Amino acid sequence: MIRFFVVALLAFAAVATAQKKSGYEFSSRETQAMQDDDAANPGFLWVQQGETLWNRRDGAAGKSCADCHGEANNSVRGVAARYPVFAPEAGAVIDIEQRINRCRTEHQQAKPLAYESDDLLALTSFVGKQSRAMSIDVAIDARARSTFERGKTLFEQRQGQINLSCSQCHDDNWGKQLAGSPIPQAHPTGYPAYRLEWQTLGSLRRRLRNCLIGMRAEAPPYESADYVALELFLMARAKGLAIDTPSVRR
Amino acid sequence: MARPLINVPAKAKKGEVVDIKILISHPMESGQRRDNSGQPIARDIINLLVCTYNDTEVFRAELFPAIAANPFLSFCTVATETGTLKFTWTDDHGTVDTATAPIEVT
Amino acid sequence: MTRLYRRRDVLATAAGGALLPLVPAQATPDTMAAAIKEVVGTAPLKPGKVKLDLPPLAENGNAVSVSVTVDNPMTEANHVRSIHLFAESNPLPNVVHVTLGPRAGRAFFATRMRLSTSQKVIAIAKLSDGTCWTDSAQIVVTLAACIEDL
């Protein structure tokens, strides 16, 4: 498999990223159809659950998300298009999962939700869904710059036993077939996403971990700030593409 | 995620054939996999889904492990009268769950 | 709720290491024939009426969209009683058995199925007059079902 991967890549001519394409465009017609019908898209099981949680009181403060934020359609519309973001209260760039958990610990006085737990995926996809069809536009100001640079380094450095970078696949060889599937451009428009391979909804962190493990590289634990850095870099790189979470991907 | 996602048109004309869609959150563990210590993972699927329309059965599906996780089913029914579509599903442990959706027929 | 818990358990296992598929047992043509016989009995299988809608290629075998439509009235006197789906090379040939009747209005259903490998899928419809009709389709599966997370 490793040998196949390297040989296959060597055979490719470099392709310039002339044209930005969402992962949706690399999906089969059937996978696109599954995503496009809200009544058939399994990701909506989590969106529906997220709506229930949004309205449920939790924690010592006895407050629901809705008690503070009201209609999600109004209050958190656009969030998924501009996160990760530098949060002064946290003194760091944070992603939506971290924002939700900050609201739980700081504002609801509730326990943070575990990464990849159904509840965190549900709230993240419910918040994310409010930004569907909005253009991605993250801000890289002075306070986010070092995180962005870290993400860029991680994306461009060769790593793992097969000694390739993310960029070599997703910038230079997108559209080529790898093990029977086209290589996408790695734009995180649709996360959390329902992956057919996972048979469940999963976060962008989980997706990044899959790629790192596929590269036979060390995948840092879920809590690692490196994922936020990669997320920020990827979102900046995806500027202008439309949010389509909950997406369906192979 | 206790609730299924059911799609039934809220309103229909008498005699109209309407589309019904249902998604249920369930791993549909096939019983054909092993965990990383080599132990078989026990089969755990929803094996039956029945839909009644004002208590008359209109659709029944016997499911096998080849049905994908978070099972999706879509079928048709004739809008006969205002009332309730009731979905009942049973898993391998004999647990029975139900959910309903109203339909107004004019 | 217990269901949810078990689901998390499975996830935790997946995160801890690769889930190994069992040696992919395959239904033999014999088990397939037996499964079909159980449904149709001695009635001859006729081609026609049934339309099995299946993509020629699936990018992942974990959830392949499939639908079956039968071109037949749905009246008390003449209707489709049941529709059955079989996958020849899956570990078990049965996929789903659907029971319907005149109240359906249209003999149709859609679902998503697992296919362990490229193979032939067969749909059979049983009519109220006892006749059995069939259609089949060949599908190429790029990535088989049951390959877990790396």
Side-chain angles (χ1 to χ4, degrees), chain B residues 1-2 15-44 46-54 56-80 91 93 95 97, chain C residues 1-4 6-11 13-14 16-25 35 60-67 69 74 82-87 90-116 121 145-146 148:
Chain B
M1 292 199 295
E16 186 185 339
V17 177
V18 296
D19 289 327
I20 314 287
K21 291 177 186 171
I22 178 167
L23 266 168
I24 306 174
S25 139
H26 195 283
M28 295 295 278
E29 190 58 55
S30 67
Q32 291 146 9
R33 302 195 302 169
R34 290 184 188 275
D35 65 19
N36 49 339
S37 62
Q39 293 303 306
I41 304 174
R43 190 185 118 152
D44 175 15
I46 292 171
N47 54 52
L48 183 68
L49 173 95
V50 177
C51 175
T52 59
Y53 186 158
N54 288 350
T56 302
E57 182 175 315
V58 293
F59 179 84
R60 166 183 293 256
E62 191 188 341
L63 312 182
F64 290 84
I67 293 296
N70 303 303
F72 169 75
L73 279 162
S74 166
F75 55 94
C76 300
T77 196
V78 180
T80 50
D91 70 12
H93 307 271
T95 310
D97 275 310
Chain C
M1 274 295 115
T2 37
R3 201 166 64 231
L4 186 54
R6 272 195 303 276
R7 172 206 186 97
R8 279 189 183 140
D9 258 358
V10 173
L11 239 183
T13 327
L19 270 171
L20 309 170
L22 284 179
V23 182
N60 189 300
N62 282 335
V64 180
S65 297
V66 57
S67 73
T69 314
M74 288 302 267
S82 60
I83 305 175
H84 311 262
L85 210 53
F86 303 92
N90 265 5
L92 297 166
N94 289 312
V95 177
V96 63
H97 297 324
V98 163
T99 311
L100 25 73
R103 289 287 298 267
R106 199 159 84 86
F108 164 86
F109 85 95
T111 189
R112 293 195 281 256
M113 65 178 165
R114 293 177 169 136
L115 293 175
S116 60
V121 175
C146 309
E148 249 296 334

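All values derive from a computational prediction rather than experimental measurement. Residue numbers start from 1 in every chain, and the chains themselves are labelled A, B, ... in the order their sequence lines are given, proteins ahead of strands.
Counting heavy-atom pairs closer than 4.5 Å to chain C, the top-ranked of the candidates B/Ile67, B/Val50, B/Leu49 is B/Ile67. Of the listed residues (B/Asn47, B/Leu73, B/Thr56, B/Leu63), the one with the most heavy-atom contacts under 4.5 Å to chain C is B/Leu73. For the set C/Met74, C/His97, C/Arg106, the entry with the most heavy-atom pairs within less than 4.5 Å of chain B is C/His97. If you tally non-hydrogen atom pairs under 4.5 Å between each of C/Ala107, C/Gly105, C/Gly101 and chain B, the highest count goes to C/Gly105.
No donor-acceptor pair under 3.5 Å is formed between the side chain of B/Ser74 and the backbone N or O of C/Phe109.
If you measure heavy-atom distances from B/Leu23 to chain C, the contacts under 4.5 Å come from the side chain alone. With a threshold of 4.5 angstrom between heavy atoms, B/Val78 approaches chain C through its backbone and through its side chain. When heavy atoms are compared at a cutoff of 4.5 Å, B/Ala79 does not approach chain C at all.
Using modelled atom types and a 3.5 Å distance limit, the side chains of C/Ser82 and C/His84 yield a donor-acceptor pair.
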Original post:
Step by step, would you call C/Leu100 with B/Phe75 a side-chain contact (heavy atoms from CB on, under 4.5 Å)?
Top reply: CA-CA 9 Å; C/Leu100 25 73; B/Phe75 55 94; 5.9 Å; no
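Within the structure, every pair that satisfies the salt bridge (Lys or Arg N to Asp or Glu O under 4.0 Å) test and touches residues 59-74 of chain B, not counting sequence neighbours, is listed here: B/Glu57-B/Arg60.
Between B/Ile46 and B/Leu48 there is no side-chain heavy-atom pair separated by less than 4.5 Å. Side-chain contact check for B/Ser30 versus B/Arg43: every heavy-atom pair is 4.5 Å or farther apart.
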